[in-house]
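One structure is given here, and the rest of the page talks about it.
Chain letters run A, B, ... following the sequence lines, proteins first and then strands; every chain starts at 1.
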Amino acid sequence: MKKITIILFLSIFFSVAANAGSDGANVLSKNKPESVKDCFESVNRGIFGFNQFLDNVIFEPVARGYRYIPSPIRIGTGNAVSNLSILITVPNNLLQGNIKEAGVNTLRFVVNTTVGILGIFDPAAAFGFEKKEKEDYGQTLGAWGVGPGCYLILPVLGPSTVRDTVGTVATFVGGDPWYNVTTRNDTSYFKESDYYGTRITGGIDYRAKNIDSFDSLEQNSIDFYASIRSLYLQDRQQKILNSKKITDTMDDSDWEEIESN
Amino acid sequence: MNLRNYLIRVSLILFISFSFTEKSLSVEPDQFIQSIADEASKVLISNISKEQKTEKLKSIALKSVDIKGIGLYSLGSHRKNLSDDEKEKYSELFKKYFLKSFSSRLSNYTDPKINVISMEKLNDKYTIVSSILVATKKTPEVKIDWRVYTKNSSKPLIRDLIIEGLSIARTQKEEFNSVIQSNDGDINSLFTNLTEFINNN
């Protein structure tokens, strides 16, 4: 474990060094899906197969069962889990210099946790504090100009990159207040099971919302692994750029050559 | 009327007719997408068998999607290494693959309502049309952008769907590249995979 941590640290160090002084265009080009190498593809494919097995045996059946729960309960559960993720989003808003988003998200968390009963309801939106995009430490590193490094598939957790894995590690070493108060620090108010319970529920909620999309993608792919890799990397590119404008992340170079009529 | 006047009049009439025809035949990309989406929606809610729906969806795709263009794009840099025979074989396979995949994906929706909200012209060849797939009790609202090929303004064609920022064509290109790369660059491996998909699914 120590060795892996050192390798990850060195990888990220060299990425930072190589990207010092990057600007917005550089951030975009560094995060282009096609520029991310799948250095450990055979290992990744093995872990991907294992994850699919777990999904088929555990997650998908549970998610299908979860869909039988009445819709208002599922929506409330999804809201509550999403509310907890604000605790990771706020520090990342600040690290990316987005003070306004940090303020709105903090108010959303306070209002929804209290008035909204532990985040089950979303009264903050009614007060004008609209829902903002989630942010994590991988996105912050990307926004700072850190390259993604190699593409990885993590057991159970799924697609990632070296940079995003470091971001995930950051949440477990003090970057996630919810993890800190439930698991990392000894508090009398919460238990470890509270943390893992919310994480697992969040995963099932996400899986249940995307059952049809995943099924359709799997049925219509000739290489499901490659499809997931492409979609994950495109999604991360867009999130790191923090842009809703679709033309910001499009690459027209290949399209320009295509003449079919 | 002398010959000079006659030629001027004829030229003027031809010019006006041509301008009028060009303008009247050109189709705005946003209207094109809205009409295609409405047509597909009508098919999906109609009271006909799944097979009939599939056939109707395929005919909509054939007239509104640039299948050949998407196929060439999906090959990425490999398209430059193909012989004419291989290109022809690939185009045929891709068309069958696309129509099967397209109708299969779309038939999952029972009552899709798509509202076009805006469009952005990138250049003379491309316009991006933005739309929303309206939320239902079961599914959330989904943002869908359409890359419309407008080189022939009277016959615009869809070249890509970008769902919540994720390009379907780009995903397809990277998927095909992965298949070819993992078989030492052999294009026949892609042909085999496409054939299997067409025959098996």
Cut-off 4.5 Å, heavy atoms of chain A, and the answer for F102(B) is neither
One should read off an interatomic distance between Y225(A) OH and S182(B) OG, to the nearest 0.5 angstrom, of 10.5 Å
Note to self: Let's go through E175(B) and S230(A) carefully: what are the C-alpha distance in whole Å and the side-chain angles of both, what is the deciding distance for side chain to side chain contact (heavy atoms under 4.5 Å, CB included) to 0.1 Å, and is it a yes or a no?
What the structure shows: CA-CA 8 Å; E175(B) 188 184 8; S230(A) 173; over 6 Å; no
Among residues 30-44 of chain B, residues within the sub-4.5 Å heavy-atom range of chain A, in order of number, are none
With a 6.0 Å cut-off (strictly less than), is the heavy-atom count around CZ of R199(A), excluding the residue itself, greater than 12? no
Practice prompt. Check whether more than 12 heavy atoms from other residues, nucleotides or ligands sit under 6.0 Å from atom NZ of K96(B), and answer yes or no.
Written response: no
Output for pair (N220(A) CG, Y97(B) OH), nearest 0.5 Å, gives 7.0 Å
Problem - Verdict with supporting geometry, E41(A) and S178(B), side chain to side chain contact (heavy atoms under 4.5 Å, CB included) - result: CA-CA 10 Å; E41(A) 186 170 344; S178(B) 175; 4.2 Å; yes
Distance col, row S216(A):OG vs L106(B):CG, nearest 0.5 angstrom, shows 9.5 Å
Residues D223(A) and V179(B): closest non-hydrogen pair is CB-CG2, 3.8 Å
Whatever's closer than 4.5 Å to a heavy atom in chain A on L190(B) counts as side chain
**Prompt:** Does atom NZ of K125(B) have more than 12 heavy-atom neighbours, drawn from other residues, nucleotides or ligands, at distances under 6.0 Å?
**Reply:** yes
- Item | D84(B) CG: over 12 foreign heavy atoms closer than 6.0 Å | no
Exercise for review: Using a cut-off of 6.0 Å, state whether more than 12 heavy atoms not belonging to K95(B) lie near its atom NZ.
Suggested key: no
| query | If you draw a 6.0 Å radius around OH in Y66(A), do more than 12 non-hydrogen atoms from other residues or ligands fall strictly inside? | reply | yes
d(D235(A) CG, E164(B) CD) to nearest 0.5 Å is 9.5 Å
Minimal heavy-atom distance between R229(A) and E174(B), with the atoms involved, is NH2-O, 4.4 Å
Notebook entry, point to check: When you check the side-chain N and O atoms of Q234(A) and T171(B), is any donor under 3.5 Å from an acceptor?
Noted result: yes
>> Quick one, S227(A) and Q172(B) - any side-chain contact, counting heavy atoms below 4.5 Å?
In response: no
Check: Should F176(B) and I222(A) count as side-chain neighbours, where that means a heavy-atom distance under 4.5 Å?
Finding: yes
